[in-house]
Trainee: 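I have a structure I would like to understand better, so I am pasting it below and will then ask my questions one at a time.
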Amino acid sequence: METKTDLKEETKTETAKTVKGSEAVILSLLHEGVDTIFGYPGGAIMPIYDALYDYQDKIEHILVRHEQGATHMAQGYAKTSDKPGIVFATSGPGSTNLITGLSNAKIDSIPMICITGQVPSHLLGFDAFQETDVVGISMPVTKWNYQVTKAAEIPEVMAKAFYIASSGRPGPVLIDITKDAQNQFIDFTYKRVHQVSGYFPNPKTNPEKIREAANLINNAKKPLLLAGHGISIAGAEEELTAFVNKTGIPVGCTLLGLSTFPTRHPLYAGMLGMHGNYAPNIQTNEADLIIAIGMRFDDRVTGDTSRYAIKAKVIHIDIDQAEIDKNIKADVAIISDAKKALQQLIPMVKTNVHDEWLEEFKKLEAIEFEKIIQKDIHPKAGQIKMAEVIHQVSERTKGEAIVVTDVGQHQMMAARYYQFAHTKSMITSGGLGTMGFGVPAAFGAAMGQDKRPVVVFVGDGGIQMTIQELATIWQHKRPVKIVLLNNGFLGMVRQWQQLFHERRYSFTTLVNPDFQMIAKGNGIESSKINTRDELKNSIDKMFNFDGPYLLEVEVEQEDNVFPMVPSGASVSDIILEP
């Protein structure tokens with residue numbers, strides 16, 4: 001991808017000019033190194049768009065087809081660029097269409113800054129055309145939000161927004177700017193923010209807690225490390241690998257923690273949680289020590305918390321103090337950035353091996369392989385299975401792609417069967433489980449970098465929630481590879497109806513449109529297959545095509561994701577088959 005000119009240097013000469021508030025927004029973005037915006041114009045944000053017109057050589061604006069798509073694109077972009085994603089939207093419905101994306105970014109700790117236009121300040125509270133209290137609405141799903149009514153506030157508020165969104169535990173910020181503030185003149189100066197009163201995003205690591213943790217680690221016989229998203233946020237993947245290589249401790253990853261630790265590493269135990277691997281779930285209740293790093297003990301990981309880690313001491317490392325003791329009581333709590341904590345722990349832990357403990361994992365892995373994995377990825381008959389498609393894509397890309405998923409059965413299959421060879425390779429909606437996330441997030445991921453291929457796995461339900469963004473992908477010619485696994489059902493809900501509601505498939509059957517015609521209408525090259533003999537060549541054709549491509553695969557309709565921890569059950573109650 002072409003890089004923009006050094007925008008920070010170019011804007012230094014503009015710091016004393018008199019400008020409108022609308023232009024102050026753009027100049028603030030330039031000072032923060034922004035080169036990409038995802039947005040949709042409208043009346044209340046029109047002055048900002050008018051100012052942006054003069055800076056098209058410095059900032060690329062992506063005109064989305066729906067504001068929700070903009071938020072998911074911004075999140076995919078943030079994950080691959082290591083910058084906060086930027087979104088523009090107008091007032092009223094434009095701003096309310098951001099709420100799902102804000103919620104997703106908040107719970108998954110993704111830095112994003114949404115800038116919304118608002119009606120003039122003298123009309124606030126009078127139900128003016130397209131007036132909505134987006135600050136009130138978004139308060140529960142943002143890390144911080146603020147309404148600007150005076151242009152003089154803009155530089156400081158923008159600087160504060162970037163600092164809050166990106167520091168500590170990252171998250172989304174929303175800035176709502178009234179139209180009159182956009183049109184007022186100010187003498188623009190800009191100063192980056194490095195401190196906010198009452199906000200302490202980088203807690204100091206307690207040396208005593210590090211010593212306590214090291215003592216537990218050095219004396220544990222059956223330790224298990226749980227790797228979460230916080231490791232990736234902190235950039236602590238190398239430290240994690242060094243720690244594990246020294247201590248010999250097996251690693252289980254949360255859904256958002258996938259790719260923080262190499263899938264093919266001999267100490268990788270698999271994914272945790274409801275549809276995770278058999279061994280790490282079973283061994284959670286056999287371990288004498290749980291080391292949880294950058295994860296929040298989500299209910300999809302723990303199952304019944306009263307029957308979780310029943311034999312283990314718990315070390316919990318997290319930058320957010322609010323997560324400590326929230327779901328699982330910690331014996332040693334280290335409130336810290338994961339990278340700093342691991343850097344301090346590594347010299348204090350002993351070189352160790354846990355051969356007998358690891359042998360228990362291998363026995364459980366063999367059971368899962370025999371009962372599930374080999375049947376999933378190498379079926380001998382019947383319709384194509386989701387897992388074998390993902391397995392073949394993994395083999396074709398050698399685990400080097402950036403994988404994006406939508407939400408559903410295919411999401412769990414991708415998490416289970418893609419063999420991640422690189423860090424920062426899994427982009428998915430974790431805590432919120434947002435159907436419609438996949439396609440726009442994949443485009444955003446491609447916008448954030450162009451060194452690695454981007455492939456998105458999506459179901460026939462989820463793709464239809466944001467399918468209009470195919471037009472955005474086509475317009476900007478990003479080579480996103482879309483694998484549509486079509487089973488004619490809302491698959492994950494159908495699985496639960498099959499297992500727990502006597503196959504009463506209540507409104508989960510989909511009557512789908514012709515996805516090939518939709519792809520063609522949006523300028524996207526595509527193909528459709530329904531036999532196993534076509535699969536390998538079709539995958540090769542997709543990756544060999546220079547541009548965006550949609551491969552639709554008709555898969556087994558009643559294919560299920562196993563293992564499975566039933567809702568409310570213990571992780572020890574994980575089932576391997578119906």
Trainee: Is any side-chain heavy atom of Ser538 less than 4.5 Å from a side-chain heavy atom of Lys541?
Mentor: no
Trainee: Say whether, by atom type as modelled, one donor and one acceptor occur between the side chain of Thr71 and the main chain of Gln68 under 3.5 angstrom.
Mentor: yes
Trainee: Using a strict 4.0 Å threshold on nitrogen-to-oxygen distance, state whether Lys339 and Glu238 make a salt bridge.
Mentor: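 Salt bridge flag = no for Glu238 with Lys339.
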Trainee: Mind running side chain to side chain donor-acceptor pair (under 3.5 Å) on Arg494 and Gln498 for me, showing each step along the way?
Mentor: CA-CA 6 Å; Arg494 183 212 55 76; Gln498 176 185 338; 2.6 Å; yes
Trainee: Are Ile324 and Asp318 side-chain neighbours, meaning at least one heavy-atom pair lies under 4.5 Å?
Mentor: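 Yes; the side chains approach each other to less than 4.5 Å.
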Trainee: Do Asp320 side-chain atoms and Ala322 backbone N/O form a donor-acceptor pair below 3.5 Å?
Mentor: yes
Trainee: Using every non-hydrogen atom in the two residues, find where Asp288 and Pro223 come nearest and quote the distance to one decimal.
Mentor: OD1-N, 3.6 Å
Trainee: Enter the distance from Met274:CE to Thr302:OG1 here, rounded to the nearest 0.5 Å.
Mentor: 9.5 Å
Trainee: Please check: side-chain N/O of Asn245 versus main-chain N/O of Thr241, any donor-acceptor pairing under 3.5 Å?
Mentor: yes
Trainee: So, for Val439 and Val456, which heavy atoms are closest and what is the spacing to 0.1 Å?
Mentor: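 Where Val439 meets Val456 most closely, the heavy atoms are N-CG2, 4.2 Å.
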Trainee: Can you see which heavy atom on Ala161 is nearest to which on Val173, and at what distance?
Mentor: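 Shortest heavy-atom separation between Ala161 and Val173 comes out as CB-CG1, 3.7 Å.
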Trainee: Judged by atom type as modelled, is there a donor-acceptor pair below 3.5 Å linking the side chain of Asn218 to the main-chain atoms of Met348?
Mentor: yes
Trainee: Keeping Asn560 on the side-chain end and Gln495 on the backbone end, is there a donor-acceptor pair under 3.5 Å?
Mentor: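 The answer is no, because no donor-acceptor pair under 3.5 Å joins these two groups.
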Trainee: Given the rule in the salt bridge (Lys or Arg N to Asp or Glu O under 4.0 Å) test, do Lys363 and Glu360 qualify, once you have shown the distances and angles that lead to the verdict?
Mentor: CA-CA 5 Å; Lys363 290 176 183 177; Glu360 294 182 35; over 6 Å; no
Trainee: Evaluate the side-chain proximity of Thr205 to Gln344: yes if any heavy-atom separation is below 4.5 Å, no if none is.
Mentor: yes
Trainee: Would Glu323 and Arg296 count as a salt bridge (Lys or Arg N to Asp or Glu O under 4.0 Å) if you check the C-alpha gap in whole Å, the side-chain angles of each, and the deciding distance to 0.1 Å?
Mentor: CA-CA 6 Å; Glu323 295 298 342; Arg296 57 191 179 85; 5.4 Å; no
Trainee: Provide the closest heavy-atom pair for Asn281 versus Val301 in the form atom of the first, atom of the second, distance.
Mentor: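 Reported closest heavy-atom pair: OD1-O, 4.5 Å.
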Trainee: So with a 6.0 Å cut-off around CD of Glu370, is the heavy-atom count from everything else above 12?
Mentor: no
Trainee: How long is the straight-line distance from NE2 of His275 back to CZ of Arg416, given to the nearest 0.5 Å?
Mentor: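 Result: 9.5 Å between the selected atoms.
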Trainee: Less than 4.5 Å apart, any side-chain heavy atom of Lys481 and any of Phe543?
Mentor: yes
Trainee: Indicate yes or no for a side-chain donor-acceptor contact from Asp406 to the backbone of Gly436 under 3.5 Å, with no hydrogens or angles considered.
Mentor: yes
Trainee: Contact between Leu364 and Gln283 at the side-chain level, heavy atoms closer than 4.5 Å - yes or no?
Mentor: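 Yes. Closest side-chain heavy atoms under 4.5 Å.
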Trainee: Which heavy atom of Ala312 sits nearest to which heavy atom of Asp331, and what is that distance?
Mentor: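 Of all heavy-atom pairs spanning Ala312 and Asp331, the closest is O-OD2, 4.2 Å.
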Trainee: Might you confirm whether atom CD of Glu558 has over 12 heavy atoms from other residues, nucleotides or ligands at distances under 6.0 Å?
Mentor: yes
Trainee: Go through it in stages, so that I can follow the logic: the residues are Leu267 and Leu225, the test is side chain to side chain contact (heavy atoms under 4.5 Å, CB included), and I'd like the CA-CA distance, side-chain angles, deciding distance and then a yes or no.
Mentor: CA-CA 10 Å; Leu267 290 172; Leu225 191 149; over 6 Å; no
Trainee: Atom CD of residue position Gln195 - does it have more than 12 heavy atoms of other residues, nucleotides or ligands inside 6.0 Å?
Mentor: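 For Gln195, atom CD is not crowded (no more than 12 foreign heavy atoms under 6.0 Å).
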Trainee: Ignoring hydrogens and angles, tell me if any N or O in the side chain of Arg396 forms a donor-acceptor pair with the backbone of Lys536 under 3.5 Å.
Mentor: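 No.
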Trainee: Between Val193 and Lys160, which heavy-atom pair has the shortest distance, and what is it?
Mentor: CG2-N, 3.8 Å
Trainee: Let me confirm one number: the CZ-CE distance from Arg478 to Met73, rounded to the nearest 0.5 Å.
Mentor: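 Taking CZ in Arg478 and CE in Met73, the distance rounds to 12.0 Å.
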Trainee: Find the distance between CG (Leu535) and CD (Glu388) and round it off to the nearest 0.5 Å.
Mentor: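 Between Leu535 CG and Glu388 CD, I get 6.0 Å after rounding to 0.5 Å.
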Trainee: Look at the rings of Phe500 and Trp496 and say which category their plane angle falls in: under 30° parallel, 30 to 60° tilted, over 60° perpendicular.
Mentor: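 Taking Trp496 first and then Phe500, their aromatic rings stand perpendicular (interplane angle over 60°).
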Trainee: Looking at Asn277 and Ala279, would you say the former's side chain and the latter's main chain have a donor-acceptor pair under 3.5 Å?
Mentor: no
Trainee: Hey, are Tyr199 and Lys143 close enough side-chain-wise for a donor-acceptor pair under 3.5 Å?
Mentor: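 Per modelled atom types, Lys143 and Tyr199 side chains form a pair under 3.5 Å.
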Trainee: At what distance, to the nearest 0.5 angstrom, does NE2 of His391 lie from OH of Tyr417?
Mentor: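 Rounded to the nearest 0.5 Å, the NE2-OH separation comes out at 10.0 Å.
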Trainee: Counting only heavy atoms not in Glu400, do more than 12 fall under 6.0 Å of its CD?
Mentor: yes
Trainee: Roughly how far, to the nearest 0.5 Å, is OG of Ser429 from CG of Leu256?
Mentor: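 The distance works out to 8.0 Å.
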Trainee: Measuring only between side-chain heavy atoms, which start at C-beta, is Ile233 closer than 4.5 Å to Ile319?
Mentor: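 No - every pair of side-chain heavy atoms lies 4.5 Å or more apart.
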Trainee: Measuring only between side-chain heavy atoms, which start at C-beta, is Glu469 closer than 4.5 Å to Phe443?
Mentor: no
Trainee: For Lys329, look at atom NZ and say whether over 12 heavy atoms of other residues, nucleotides or ligands are found less than 6.0 Å away.
Mentor: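 Incorrect, the count does not exceed 12.
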Trainee: Give the C-alpha distance, both sets of side-chain angles, the deciding distance and a yes or no for salt bridge (Lys or Arg N to Asp or Glu O under 4.0 Å) between Glu365 and Lys362.
Mentor: CA-CA 5 Å; Glu365 287 165 1; Lys362 291 177 182 177; over 6 Å; no
Trainee: Is there a side chain to side chain contact (heavy atoms under 4.5 Å, CB included) between Lys79 and Val404 once you walk through the steps?
Mentor: CA-CA 11 Å; Lys79 295 280 282 184; Val404 185; over 6 Å; no
Trainee: Does the side chain to side chain contact (heavy atoms under 4.5 Å, CB included) test come out yes or no for Leu255 and Gln411, once each step is laid out?
Mentor: CA-CA 10 Å; Leu255 177 63; Gln411 176 189 32; 3.8 Å; yes
Trainee: Does a donor on one side chain sit under 3.5 Å from an acceptor on the other, for Thr397 and Tyr418?
Mentor: yes
Trainee: If only atom types and distance count, is the side chain of Ser394 paired as donor or acceptor with the main-chain N or O of Gln419 below 3.5 Å?
Mentor: yes
Trainee: Taking atom CZ as the centre, does Arg452 end up with more than 12 heavy-atom neighbours from other residues, nucleotides or ligands that are less than 6.0 angstrom away?
Mentor: yes
Trainee: Please evaluate residues Leu345 and Ile210 with respect to the criterion side chain to side chain contact (heavy atoms under 4.5 Å, CB included), reporting the C-alpha separation (whole Å), side-chain torsions for both, the decisive distance (0.1 Å), and the verdict.
Mentor: CA-CA 6 Å; Leu345 272 172; Ile210 294 290; 3.9 Å; yes
Trainee: Salt bridge (Lys or Arg N to Asp or Glu O under 4.0 Å) between Lys222 and Glu356: does it pass, once the steps are laid out?
Mentor: CA-CA 9 Å; Lys222 295 183 176 183; Glu356 292 183 11; over 6 Å; no
Trainee: Is any side-chain heavy atom of Met542 closer than 4.5 Å to one of Val483?
Mentor: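 Contact flag for Val483/Met542 side chains = yes.
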Trainee: Does anything in residues 341-377 pair up under ring pair (Phe, Tyr, Trp, His ring centres under 6.0 Å), and if so which pairs, sequence neighbours excluded?
Mentor: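 For residues 341-377: Trp357-Phe361.
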Trainee: When you measure from the side chain of Asn285 to the backbone of Lys311, do you find a donor-acceptor pair of N or O atoms at a distance under 3.5 Å?
Mentor: no
Trainee: We want to know whether Asn327 and Thr305 form a side-chain donor-acceptor pair, criterion being a heavy-atom distance below 3.5 angstrom.
Mentor: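 No - no donor-acceptor pair under 3.5 Å links their side chains.
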Trainee: Is it true that Gln409 and Asp559 share a donor-acceptor pair across their side chains at a distance under 3.5 Å?
Mentor: no
Trainee: Is Arg307 salt-bridged to Asp573, going by a charged N under 4.0 Å from an acidic O?
Mentor: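 Asp573 and Arg307: salt-bridged.
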